[in-house]
Chemist: 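Submitted below is the structure of interest, expressed as structure tokens.
Nothing fancy with the numbering, it's 1 onward along the sequence. Model, not experiment: these values are computed from the prediction.
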Amino acid sequence: MLERGQLIAEPAQPDVGVGPTSPSAQSGYRSDIQALRAVAVASVVLFHLWPTLLPGGFIGVDVFFVISGYLITGHLVRQSVSTGQISLRSFWSGRARRLLPAAFTVLFLVEVATFLVVPITRWQQFLSETIASAVYVENWLLSANSVDYMASTNPASPVQNFWTLSVEEQFYIVVPLLLIAATLIRTRSRRTTLMLVIALVTVASFGWGVLQTQAAPPLAYLSTLTRAWEFGVGALISFIAWRVSGGIRQLATTVGVALIVISAFTMGGAAFPGIAALVPVMGTALCIAANSDSGTWLGRAGTWSWVAFLGAISYSLYLWHWPLIVLVPFMTGTAISGWTGILVLLGACACATLSFHLIENPLRYAPVFTTSPTAIRNVAVAAVAGSLVVVIPAIAGMLRAENSAQVASARTAALIATNPRCLGAQSLDPASTPCINAALDGLLVPDPVAAGRDDSNRAECWATNGVTDLHVCSLGQTQGALKHLIAVGDSHNNTLIAAYEQIAKTNHWQIDVAGHRGCYWTSAIQVQATQSLVSDCEMWKRNLNTYLQVHTEYDAVITTYDYGLSSVVAPAGMTQEQAVVDGLMHAWAPLTSRGTPIIAINDNPQAGDGHADCVVKYGLAAAQACAVPRTVALGAFNGLRPAVARTSGAHYVDLTPYYCTATTCPAVIGHVVVYRDRDHLTATYVRTLAPYLGAALAKQLS
């Protein structure tokens, strides 16, 4: 799942008041806003490099959104009131000239770096996000991934920062259309009508943002709908002309800056963009309003050379700093910390300065895009061409990664078909130790390129987001089976399908499987990313319980779950661990009371982030180079063992000896890549577990 630390703002700088270095510097230049940009971009960059130093630095997002709302909407309102119309072509052309040259340059160079230093296992995610960023829908792609169980743990991509650029571009598309629509309302004052429409949208967005932040935090953080009110607050300031003394302005500015600074240091645990976001938003609004027609100390600070410089390059600095933070570790092989963080900061400033002077401003003010008779058409052609320069290589890279994965999968299938000795779990079998097969020398299966897709789960056994019906599939002998079992749980249950299928065929059993994303068999209410996911899970569990009550033919119910996602709502006075155990026992009770055994399988270890990259780097040597200490891999609370111990008719199967040694849990066992991501097993390794899991199940059923 996305973390706030991975989300950063796009500090928009509209055509109005760009900066002292701009060829269009004019009387409309606002040094106070330039100072606000400098404060905001500095807080965001410092937060991403040293999050403990500035735990709420992400509020730079909110500051930038208010500034954009003020400048852009004020410009459009003045145009509408003075000329009676809004020129969409001129406005959108100006936005394209301002934002696209630097953005497309960064996206293209990120693609080049991805091809050169990033393992091919990451290409699909990174390049798909690059395409989404180029067409300004990155925030919606990240929103979808944040509630996608299999994508929610995706590592941060080097273009993830473009989510805010996407939000702003969507704002730039919708706001002028909204204002044009508002002018159709016949009133005595066009200015008042526009203000009321903006106020209505702002209030509605704020209310929705508060509700969504409570119900679905990841979605709320990224949504244009929940962020629109921040732009709206800035927009409403453009209608206000303060007529107060200079002392009041100075005080308001001081209070506004204080609210921003306090937020940057204290908002680390706050939910955004809910009520807490009012603090930095209103702080920014105070600063802008107080400086509307006379200077304050903030405006004077904005004229200082280093502040003006930082404000001027803030957009380019935003564009560059996050890709460097993500890509430098791939280049160096080590995480960013200490002096490397300082070097990244200096590198980002250098790239931003060059980008600003060589790309951003020259193309923005090039005569071919400004004074030429076909300027607007030229901008449109250049925008399309630039997007294609980004999108076409990304698609080519994704196709290459897909082809590599297919070829690797075919090689793995051919090897598995020969049923070689000492493959996978058998190499840890005490009865086979030492297990040596010369035919496996140099082989690694599945190929790391294809490991991420080496999954035996299937739609007929699986319910995903938005699905509450029980999807039950049957494996093995469906007629005259010697034993009839059902395996239920979340994805860690369904990742064992390859073993269940082999066990069922070997023993002439029928094993049914029913799983749901992030939802395991418990009576407790699970903690989920959104309220809708909680509701889906609870309804699915009710359907599961009804199904198990009706179907009395099962000889046993198998269950397991991801310990890392086991958090539940604990009743008052009860610890989280107690609530987890009680939820399991209460769910099992109706079955054990009628004599149906419960067989609980211990969860597999957690491989952790960066596992796939490590295996790609070290190959067979990853067995130890990428191993996770046993205490870390098995560190999550295991609720199954105590629940089994306290439940008559429940049995416990522990496969840990086939995942871990006495000290570590290797990434490669018996020439097989164990994990396809941070915590799910590859189907290839699961198949090698089948003899041992099958023997354990048979023992409990005897």
Chemist: Knowing that exactly one of S566, S491, C537 qualifies, which makes a side-chain contact (heavy atoms from CB on, under 4.5 Å) with Y520?
Modeler: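 Among S566, S491, C537, the one meeting side-chain contact (heavy atoms from CB on, under 4.5 Å) with Y520 is S566.
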Chemist: Using a cut-off of 6.0 Å, state whether more than 12 heavy atoms not belonging to I275 lie near its atom CD1.
Modeler: no
Chemist: Near H586 NE2, under 6.0 Å, is it more than 12 heavy atoms from other residues, nucleotides or ligands?
Modeler: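 Atom NE2 in H586 is not crowded, with 12 or fewer foreign heavy atoms closer than 6.0 Å.
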Chemist: Between S532 and T530, is there a side-chain donor-acceptor contact under 3.5 Å, judged purely by atom types and distance?
Modeler: yes
Chemist: For W140, does the CH2 atom sit with more than 12 other heavy atoms under 6.0 Å from it, leaving out its own atoms?
Modeler: yes
Chemist: Without swapping roles, check the side chain of S523 against the backbone of G583 for a donor-acceptor pair under 3.5 Å.
Modeler: yes
Chemist: Which label fits W462 and H516: parallel for a plane angle under 30°, tilted from 30 to 60°, or perpendicular past 60°?
Modeler: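 If you compare the ring of W462 with that of H516, the planes turn out tilted.
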Chemist: Counting C-beta onward and ignoring hydrogens, is there a side-chain heavy-atom pair between F162 and L141 closer than 4.5 Å?
Modeler: no
Chemist: Mind checking the CD1-CG spacing from I503 to L693? Nearest 0.5 Å is all I need.
Modeler: 4.0 Å
Chemist: For N494 and V513, work out which heavy atoms get closest and say how close.
Modeler: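 Shortest heavy-atom separation between N494 and V513 comes out as OD1-CG1, 3.7 Å.
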Chemist: Give, for atom CD of Q528 and atom SG of C519, the distance between the pair rounded to the nearest 0.5 Å.
Modeler: 6.5 Å
Chemist: What class does the angle between the rings of F65 and W163 fall in, given that below 30° is parallel, 30 to 60° is tilted and above 60° is perpendicular?
Modeler: perpendicular
Chemist: Do T224 and N139 have a side chain donor and acceptor closer than 3.5 Å?
Modeler: yes
Chemist: Quick one: does E138's side chain have a donor or acceptor within less than 3.5 Å of a partner on L165's backbone?
Modeler: no
Chemist: Can you label the angle between the H492 ring and the H680 ring as parallel, tilted or perpendicular, going by 30° and 60°?
Modeler: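 Ring orientation, 0 to 90° scale: perpendicular.
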Chemist: Is the number of heavy atoms from other residues, nucleotides or ligands under 6.0 Å of R646 CZ greater than 12?
Modeler: no
Chemist: How many angstroms lie between atom CG of D555 and atom CG of L697, to the nearest 0.5 angstrom?
Modeler: 12.0 Å
Chemist: Might you work through the side chain to side chain contact (heavy atoms under 4.5 Å, CB included) test for S128 and Q124, ending with a clear yes or no?
Modeler: CA-CA 6 Å; S128 65; Q124 290 284 358; 5.9 Å; no
Chemist: Check each of D455, D447, D454 against R676 using the salt bridge (charged side-chain N to carboxylate O under 4.0 Å, His left out) test, and report the only one that passes.
Modeler: D455
Chemist: Once the angle between the rings of F58 and F272 is folded into 0 to 90°, is it parallel (under 30°), tilted (30 to 60°) or perpendicular (over 60°)?
Modeler: perpendicular
Chemist: Say whether, by atom type as modelled, one donor and one acceptor occur between the side chain of E230 and the main chain of R227 under 3.5 angstrom.
Modeler: no
Chemist: Assign the ring pair Y561 / Y563 to parallel, tilted or perpendicular, where the plane angle (0 to 90°) is split at 30° and 60°.
Modeler: perpendicular
Chemist: Would you call R517-D562 a salt bridge at under 4.0 Å N-O?
Modeler: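 So R517 does not pair with D562 through a salt bridge.
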Chemist: How are the rings of Y692 and Y658 set relative to one another: parallel (under 30°), tilted (30 to 60°) or perpendicular (over 60°)?
Modeler: parallel
Chemist: What is the distance from atom CH2 of W588 to atom OG1 of T596, rounded to the nearest 0.5 Å?
Modeler: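 Reported to 0.5 Å precision, the distance equals 14.0 Å.
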Chemist: Can you check whether L399's main-chain N or O pairs, donor with acceptor, with N403's side chain at less than 3.5 Å?
Modeler: no
Chemist: Report yes or no: does S223 contribute a side-chain atom to a donor-acceptor pair with the main-chain N or O of A220 at less than 3.5 Å?
Modeler: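 No, the answer is negative, given that no donor and acceptor are paired below the 3.5 Å cut-off.
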Chemist: Answer yes or no: is there a donor N or O on one side and an acceptor on the other, between the side chain of T559 and the main chain of V488, under 3.5 Å?
Modeler: yes
Chemist: Looking at K541 and I525, would you say the former's side chain and the latter's main chain have a donor-acceptor pair under 3.5 Å?
Modeler: no
Chemist: Between the side chains of Q477 and N507, is a donor N or O closer than 3.5 angstrom to an acceptor N or O?
Modeler: no
Chemist: Is it true that a side-chain atom of Q576 and a backbone atom of A570 form a donor plus acceptor pair closer than 3.5 Å?
Modeler: no
Chemist: For Y685 and N604, test the side chains for any donor-to-acceptor distance below 3.5 angstrom and give the result as yes or no.
Modeler: no
Chemist: What's the separation between atom CE in M585 and atom OG1 in T522, rounded to the nearest 0.5 Å?
Modeler: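 M585 atom CE to T522 atom OG1 measures 11.5 Å (nearest 0.5 Å).
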Chemist: Measure from the side-chain N and O atoms of Q125 to the backbone N and O of P155, and report whether any donor-acceptor pair falls under 3.5 Å.
Modeler: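 Between the backbone of P155 and the side chain of Q125 there is a qualifying donor-acceptor contact (under 3.5 Å).
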Chemist: Donor-acceptor pair, H471 side chain versus T464 backbone, under 3.5 Å?
Modeler: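 No.
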